[in-house]
**Q** 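Below is a structure I'd like to ask you about.
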Amino acid sequence: MIVVTSVTISGKRIRRTLGLVRGNTVRARHVGKDILAVLRNLVGGEVHEYGKLLAESREQALDRMVGEAEGLGANAVVATRFTTSMMMGGAAELLAVGTAVVVEDDV
């Protein structure tokens, strides 16, 4: 599965557009990680605990979007975007959206 943020794929031609696909995940913070993050915030530097949580969330949302695209018969997703929103205190949704397409080699 080819997944890109652009609307075209170099060397490929979009043969068929199958429609919007999405994948999301809602994650809550962990008390232990919050304590470490607060301490790190006091001395400065990257908050690795939240960085790892966000990376895992992105991958899960992306995997779910790709699964939906595969279910439609796509072999690529174009115009992929990520967005996030706060669901409640301490929990956020990460959403991946794109357009499922069937591509073939450009001849």
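This structure is a prediction, so every number in the text was calculated from the model and none was measured.
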**Q** For Leu94 and Phe82: C-alpha separation, side-chain torsions, deciding distance, then whether side chain to side chain contact (heavy atoms under 4.5 Å, CB included) applies.
**A** CA-CA 7 Å; Leu94 196 125; Phe82 290 96; 3.8 Å; yes
**Q** Side-chain heavy atoms under 4.5 angstrom apart, residues restricted to Ile, Leu, Val, Met, Phe, Trp, Tyr: same cluster for Ile2 and Val78?
**A** yes
**Q** Could I get the full list of side-chain hydrogen bond (donor to acceptor under 3.5 Å, both in side chains) partners for Glu59, not counting sequence neighbours?
**A** none
**Q** Going from CD on Gln60 to CZ on Arg58, what distance comes out if it is rounded to the nearest 0.5 angstrom?
**A**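 The CD atom of Gln60 sits 13.0 Å away from the CZ atom of Arg58.
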**Q** I'd like to check the side chain to side chain contact (heavy atoms under 4.5 Å, CB included) partners of Asn75; sequence neighbours left out, ordered by chain and number.
**A** Val102, Val103
**Q** Apply the side-chain hydrogen bond (donor to acceptor under 3.5 Å, both in side chains) test between Glu93 and each candidate in Asn24, Thr84, Thr83; give the one that qualifies.
**A** Asn24
**Q** Could you please spell out the steps behind the side chain to side chain contact (heavy atoms under 4.5 Å, CB included) verdict for Thr80 and Val4?
**A** CA-CA 6 Å; Thr80 302; Val4 297; 5.9 Å; no
**Q** Examine Met65 and Leu95 and state if one hydrophobic cluster contains both, with Ile, Leu, Val, Met, Phe, Trp and Tyr joined whenever side-chain heavy atoms are less than 4.5 Å apart.
**A**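 Different hydrophobic clusters.
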**Q** List for me each residue that meets side-chain hydrogen bond (donor to acceptor under 3.5 Å, both in side chains) alongside Thr99, sequence neighbours excluded, and say none if there are none.
**A**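 Here no residue qualifies.
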**Q** Tell me, please, which residues at least two apart from Ala69 pass side chain to side chain contact (heavy atoms under 4.5 Å, CB included).
**A**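 With sequence neighbours excluded, Ala69 shows a side chain to side chain contact (heavy atoms under 4.5 Å, CB included) to Met1, Val21, Ala74, Val77, Ala100, given in chain and number order.
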**Q** Sequence neighbours left out, what pairs pass salt bridge (charged side-chain N to carboxylate O under 4.0 Å, His left out) with at least one residue falling in residues 64-73?
**A** Arg22-Glu68
**Q** Considering only heavy atoms from C-beta outward, does the side chain of Arg81 approach that of Thr5 to under 4.5 Å?
**A**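 They are in contact (side-chain heavy atoms under 4.5 Å apart), so the answer is yes.
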**Q** So, the side chain of Ser6 versus the backbone of Thr8: is there a donor-acceptor pair under 3.5 Å, distance only?
**A**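 Side chain of Ser6 to backbone of Thr8, a donor-acceptor pair under 3.5 Å: yes, one is there.
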**Q** Leu72, Val66: one ILVMFWY side-chain cluster at the under-4.5 Å cut-off?
**A**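 Result: yes, single cluster for both.
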**Q** Ignoring hydrogens and angles, tell me if any N or O in the side chain of Thr25 forms a donor-acceptor pair with the backbone of Ser57 under 3.5 Å.
**A** no
**Q** Can you tell me which residue pairs pass the salt bridge (charged side-chain N to carboxylate O under 4.0 Å, His left out) test with a partner in residues 2-12, sequence neighbours excluded?
**A** Lys12-Asp105
